[in-house]
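One structure is given below, encoded as structure tokens.
Lettering of chains follows the sequences in order, A, B, ..., and the numbering in each one begins at 1.
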Number of protein chains: 2
Amino acid sequence: MVSSKDVARAAGVSQATVSRVLNNPESVRPVKRNKVLEAIQQLNYEPNLIARSLVTNNTRTIAFISGSMRNNFFIDTMDSIINLAKDRGYRTMIFFDGNESLKDIWSTVKGHMVDGVILSLVSMDDPVLEDIMNSGIPHMFLSRRPRFGGNYIEIDNRLAGELIASHVVELGHRRIALLSGELQYSTFLGRKEGIDKVMAEAGLPLEAGLVHYINTATLSEIEKVVWKMMQFNEPPTAIICTSDAMAIACMDVLLGMGLSIPGDVSISGIDDSKLAAHQSFQLTTVGHKIFEIGEIAVENLLEMIGHKEIDKKRQIVLRPELMIRRTTARHVE
Amino acid sequence: MVSSKDVARAAGVSQATVSRVLNNPESVRPVKRNKVLEAIQQLNYEPNLIARSLVTNNTRTIAFISGSMRNNFFIDTMDSIINLAKDRGYRTMIFFDGNESLKDIWSTVKGHMVDGVILSLVSMDDPVLEDIMNSGIPHMFLSRRPRFGGNYIEIDNRLAGELIASHVVELGHRRIALLSGELQYSTFLGRKEGIDKVMAEAGLPLEAGLVHYINTATLSEIEKVVWKMMQFNEPPTAIICTSDAMAIACMDVLLGMGLSIPGDVSISGIDDSKLAAHQSFQLTTVGHKIFEIGEIAVENLLEMIGHKEIDKKRQIVLRPELMIRRTTARHVE
DNA sequence: ACCATTTTTGAATACGTATTCAAAATAATT
DNA sequence: AATTATTTTGAATACGTATTCAAAAATGGT
């Protein structure tokens, strides 16, 4: 691999001068500068960003710890994060949970000396959160956040739950099922609280057999669970899913069983991912423009990286809206 | 940031010993080893992977130059690539085209000193391909490949085109439209050739007004184009799209116009992305297990990185299968 | 207890870059 | 032309790690 030393030799200057041509071209006289530029062309030289990072102590890279691409929420946020970061001159490294713990991912992220991190996949009480918040590495939690503290952006999950539950209740449904994510995640806890509140007020507390907690990383239980529920003497007439991804998986199962949506059963999600709006789904859901969530996360992160208002607490809660589409309908006996 | 020197000082050993504990623990006596491990714990030390890469000259990172996440083909391949690479101990950096040229992306990739690259987004005659193939950096082209040479994995695109066109023709369609990707990409060229062949043999050469070349990065023209075609006196009764992503976007437009699929018009894709199989789409398409494509690319790349059969030409062509689902139907006058 | 081997250790160095500091070259002023 | 101020340059160094090489320590055999 050709290095700046090779360029220096070819151009008859010192390595320092080559470095200057790269980082501060005006500081070197045109004659030499051109010689260097020629040599760079000639040798097809590309600066070693690794070595550069070592000395500058910044990588112009941010990390995004994301959930699986099987979930369109993460696709949408990832897309907006990568694109905005790129516009701002930053590269994004993507990390998935897989089966490693957050602790292991965090080790790797720290090792990569990224300038900042966006985390989308933390449970509320993970012991490593303390480390993360004290690490001095700028961070934004996106959607899922610690129980206490941290910089985060999320939608008002409680409200989201209330909006969707009210909608379903108002449509006259009484046997309502809930497919929830695991409650160690702030997102799903908040959503469920909102739903519980509305259901209680409506005098329709959720029945045990109709509430299921799904592993949102794999969604693997959904098929079995939905299939089973629909075999009941009185199957649910509506299934509230606390994410679009679950709703879409759920629809796949129901349609596969030959049921019609919303004829036989109403389905709803939460997130308002891009896919939910597709004419083939027209999923009723609640959310806030997803791309905006990702962008706000990046904007704030870059502010912190740039030391702007460094100690301002960044805890942003967006107000979600109900998107009534075509997977929910009035219940008729 | 705490370095191995700090650990060394705390443990009362040399920095070299700390390094050894990390990379070859058996080579240091248990007494010292434990002291070092304690100090590591104590100081919450994390090795600087950047610095490590600089000296080892490998990053245990591969790059994936991908198309936009708006296209499910790339989501599926990305997912399988990242996961398999992770299992093998490699991290994946994702690069998108955005509006930079492949040349610029390639510069960045080279700067990051990745151990290998998977490219999914090259046109056949891009001048930078020469550089890439001569760079000495192990590479695999995935799906899209150079006109000549290179290591690649793809499906038999010509056959894919033939299969889908035959299917549509056999269903009795005569006014058939084609939504093709741009022909500078091997993928779309091959697919169109297969389609053209079948259409010619059937005595149904494609009419000018019914063939459109779509910018597959944005898909932005699709709405206008489809809308326009459907206003014709004799609109097409089938639209062949040369990617699932186009087909799904196309369906969105048609359904939005109030048309029924396949009642009013048959739609087909190519790729067989996961999403195409969803009950809400049931898209007729042709392809080969996508996850396998990604995995084969990774396997081969890692072989090259590990210098196994280093100079073996890796040009793999998979045989696609026709997946008849529910978006195509017999044409009745 | 002695020497010969083998194992463990630390000092020094390399990786490729940016940056500091002092020297050299140029420009500005008299 | 001589002096001073300014700009441009190169040598040296630092970043944090892995590795080489020689010295030191431990082990084995007698």
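Within the 3.5 Å criterion, the main-chain N or O of A/Val122 finds no donor-acceptor partner in the side chain of A/Arg144. Distance alone, capped at 3.5 Å, places no donor-acceptor pair between the A/Ser19 side chain and the A/Gln15 backbone. Remark: side-chain polar atoms of B/Arg33 are paired, donor with acceptor, to backbone N or O of B/Pro25 under 3.5 angstrom. With B/Asp6 contributing its side chain and B/Ser3 its backbone, the two residues share a donor-acceptor pair below 3.5 Å. Under the 3.5 Å distance criterion, the side-chain polar atoms of B/Asn34 are matched with a main-chain donor or acceptor of B/Pro30. Judged by distance alone, the side chain of A/Asp79 and the main-chain N or O of A/Ile75 form no donor-acceptor pair under 3.5 Å.
Among the atoms of the strands shown, only primed sugar atoms or phosphate atoms (P, OP1, OP2) are found under 4.0 Å from some heavy atom of A/Val13.
Set against C/dT17, D/dG10, D/dG16, the side chain of A/Val55 has C/dT17 as its closest nucleotide. If you check C/dT17, D/dG10, D/dT19 against the side chain of A/Ser4, the one that comes closest is C/dT17. The side chain of A/Gln15 approaches C/dA18 more closely than any other nucleotide in the set C/dG10, C/dA18, D/dA26. Which of D/dT17, C/dG16, D/dA18 sits closest to the side chain of A/Leu54 comes down to C/dG16. The side chain of A/Asn23 has C/dA18 as its nearest neighbour among D/dA18, C/dA18, D/dG16. Nearest to the side chain of A/Ser3, among C/dA12, C/dG16, D/dT9, sits C/dG16. Taking the side chain of B/Arg52 as heavy atoms from C-beta on, and the options D/dG16, D/dA18, C/dT8, the nearest nucleotide is D/dA18.
In this structure, CG of A/Asn58 is placed 14 Å from C1' of C/dT19, rounded to the nearest angstrom. One interatomic measurement links the two molecules: CG of A/Leu22 to C1' of C/dG16, which rounds to 12 Å at whole-angstrom precision. Following rounding to the nearest Å, A/Lys5 (NZ) and D/dG10 (C1') show an atom-to-atom distance of 14 Å. One interatomic measurement links the two molecules: CE of B/Met113 to C1' of C/dT17, which rounds to 11 Å at whole-angstrom precision. Rounded to whole angstrom, the span from the CZ atom of A/Arg20 across to the C1' atom of C/dC21 amounts to 11 Å. Atom P of nucleotide C/dT17 and atom NE2 of B/His112 are separated by 14 Å, given to the nearest angstrom.
Residues of residues 35-50 of chain B having a heavy atom closer than 4.0 Å to DNA chain C: none are found.
Residues passing the salt bridge (charged side-chain N to carboxylate O under 4.0 Å, His left out) test with B/Asp131: none are found, sequence neighbours excluded.
Among the candidates A/Asn44, A/Leu49, A/Asn48, the single residue satisfying the side chain to side chain contact (heavy atoms under 4.5 Å, CB included) test with B/Lys110 is A/Asn44.
Between B/Asn57 and B/Ser27, the residue anchored closer to the 5' end of DNA chain C is B/Ser27, taking for each the nucleotide with the nearest heavy atom. Each of A/Ser19 and B/Glu26 has a nearest nucleotide on DNA chain C; the 5'-most of these lies closest to B/Glu26. Looking at which nucleotide of DNA chain D each of A/Arg29 and B/Val18 is closest to, the 5′-most match is held by A/Arg29.
The side chain of A/Ser14 places no N or O atom within less than 4.0 Å of a non-bridging phosphate oxygen (OP1 or OP2) of D/dT9.
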